[in-house]
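The structure under discussion appears below in the form of structure tokens.
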Amino acid sequence: MRIGVLGTGNMAEALATHWVRAGHEVVIGGRDEGKARLLAARIGGAGHGSLRTAAEFGEAVLVALPYGVGQEVAARLQTELSGKVLVDCSNPVGPGFRLLTEGGPSAARQLAEAAPDARVVKAFNLCHEDVWRMDPPVFDGRPLAVPVCGDAEEALAIGHQLVRDTGCAPLAGGGLDRAGLVEATAALFIGLWVGEGADAQAIAPPLAYAAGPQE
């Protein structure tokens, strides 16, 4: 698969590294093309260029840009992103672990509105970039599960494949209307992990007990 990566930060590096190892063709696009070139060299096996270059190249395009910036870039590159699968990994979380989209559309929905002819999926936003650097992200023998939200079946299939190519297990997260729930979960988890030093994983019972005690 041809994958364009918009951004040169930690998430771009962590995910693109997995995808190159999985045999995909990857082009890193940056607002600073020099940073894109350096990142591609660190990854090895990836091409590099401008944001436009990466958007044109990819069948799937990872939007690894800060919340707000991704929407601005998508709006500017509407033509290049037409028909593409856009993977949104952003977290609209501000100071005090506040959800910046509260009362409005999710970051993923805003991205879809900025590039109306693309197909957006939400994924990869619930973990720190160092988790995505793991090869693979497996804990106690169980691969990390990754919710994927989107409206188009073909786009979801691609999203699920990209998750599997990181060594993780995709979960059907529902339509794009549920992306806001995943983003809110990230705000909650980050607040617990970073703000309280709490084990957020401990708030959920095992699946067998999710519907109540079993007799």
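- The closest donor-acceptor contact from the side chain of Asp140 to the backbone of Arg142 lies at 3.5 Å or more, if one exists at all.
- Heavy-atom minimum distance, Gln110 versus Pro105: NE2-O, 3.0 Å.
- The two residues Ala123 and Val148 come nearest to each other via the heavy atoms CB-CG2, 4.1 Å.
- Note that SG of Cys127 and CH2 of Trp193 are 5.5 Å apart. Values are rounded to the nearest 0.5 Å.
- Taking CG from Asp32 and OG1 from Thr8, the interatomic distance works out to 7.0 Å, rounded to the nearest 0.5 Å.
- With hydrophobic clusters built from ILVMFWY side chains whose heavy atoms lie under 4.5 angstrom apart, Leu62 shares a cluster with Ile158.
- No donor-acceptor pair under 3.5 Å is formed between the side chain of Lys122 and the backbone N or O of Pro147.
- Annotation: Glu102, atom CD; neighbour count of heavy atoms from other residues, nucleotides and ligands within 6.0 Å does not exceed 12.
- Side-chain atoms of Arg133 do not come within 3.5 Å of backbone N or O of Ala14 as any donor-acceptor pair.
- Considering all non-hydrogen atoms of both residues, Leu39 and Gly7 come closest at CD2-O, 4.3 Å.
- Within the 3.5 Å criterion, the main-chain N or O of Ala107 finds a donor-acceptor partner in the side chain of Glu183.
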| request: Report the C-alpha separation of Leu86 and Leu81 in whole Å, then their side-chain angles, then the decisive distance to 0.1 Å, and conclude whether the side-chain contact (heavy atoms from CB on, under 4.5 Å) test is met. | output: CA-CA 8 Å; Leu86 302 190; Leu81 295 174; 3.6 Å; yes

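- In terms of modelled atom types and a separation under 3.5 Å, the side chain of Gln78 and the main chain of Pro116 share no donor-acceptor contact.
- Here Glu80 pairs with Arg52 in a salt bridge; the nearest charged N to carboxylate O distance falls below 4.0 Å.
- Salt bridge annotation for Arg21-Asp135: present, with a cationic side-chain nitrogen under 4.0 angstrom from a carboxylate oxygen.
- Using a 4.5 Å heavy-atom threshold, the side chains of Arg109 and Thr101 count as separate.
- Proximity of Val146 to Leu126: side-chain heavy atoms (C-beta onward) are nowhere separated by under 4.5 Å.
- In this structure, SG in Cys149 is found 8.5 Å from CG in Asn125, a value given to the nearest 0.5 Å.
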- Mind running side-chain contact (heavy atoms from CB on, under 4.5 Å) on Ile43 and Val26 for me, showing each step along the way? CA-CA 10 Å; Ile43 293 172; Val26 176; 5.9 Å; no

Exercise. Go through Asn91 and Ile190 one step at a time and tell me if the side-chain contact (heavy atoms from CB on, under 4.5 Å) criterion holds.
Key: CA-CA 10 Å; Asn91 273 323; Ile190 293 168; 4.3 Å; yes

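- For the 3.5 Å distance criterion, the side chains of Ser82 and Thr79 fail to qualify, holding no donor opposite an acceptor.
- A distance of 6.5 Å separates CE of Met11 from CH2 of Trp132, quoted to the nearest 0.5 Å.
- Heavy-atom minimum distance, Phe139 versus Met134: CZ-SD, 3.7 Å.
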For Arg31 and Val69: C-alpha separation, side-chain torsions, deciding distance, then whether side-chain contact (heavy atoms from CB on, under 4.5 Å) applies.
CA-CA 11 Å; Arg31 291 175 285 179; Val69 176; 3.5 Å; yes

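- A salt bridge links Glu154 with Arg119: the closest approach of a Lys/Arg side-chain nitrogen to an acidic carboxylate oxygen falls below 4.0 angstrom.
- Residues Val5 and Leu65 do not share a hydrophobic cluster, clusters being chains of Ile/Leu/Val/Met/Phe/Trp/Tyr side chains in contact below 4.5 Å.
- When hydrophobic clusters are built by joining Ile, Leu, Val, Met, Phe, Trp and Tyr residues whose side-chain heavy atoms come closer than 4.5 Å, directly or via intermediates, Val87 is not grouped with Tyr67.
- Leu192 contributes atom CG, which lies 6.0 Å from atom CD1 of Ile203 (distance to the nearest 0.5 angstrom).
- Around CG of Leu207, the count of heavy atoms belonging to other residues, nucleotides or ligands within 6.0 Å does not exceed 12.
- Side chain of Trp19 to main chain of Leu162: a donor-acceptor pair is present (N/O by atom type, distance under 3.5 Å, no hydrogens or angles).
- Distance alone, capped at 3.5 Å, is enough to place a donor-acceptor pair between the Gln71 side chain and the Gly68 backbone.
- Among pairs with a residue in residues 35-49, those fulfilling salt bridge (charged side-chain N to carboxylate O under 4.0 Å, His left out) read Glu13-Arg42, at least two apart in sequence or across chains.
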Which pairs of donor and acceptor atoms, one on a side chain in residues 165-179, lie under 3.5 Å apart (sequence neighbours left out)?
residue : atom : partner : partner atom : Å
Asp165  : OD1  : Gln161  : NE2          : 3.0
Asp165  : OD2  : His24   : NE2          : 2.6
Asp165  : OD2  : Gln161  : NE2          : 3.4
Thr166  : OG1  : Val163  : O            : 2.6
Arg178  : NE   : Gly173  : O            : 3.0

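- Note on Met1 and Val61: separate hydrophobic clusters, where clusters join Ile, Leu, Val, Met, Phe, Trp and Tyr whose side-chain heavy atoms are under 4.5 Å apart, directly or indirectly.
- For the pair Ser50 (side chain) and Thr53 (backbone), a donor-acceptor distance under 3.5 Å is present.
- Note on Leu111: it does not cluster hydrophobically with Leu99, by side-chain heavy-atom contacts below 4.5 Å among ILVMFWY residues.
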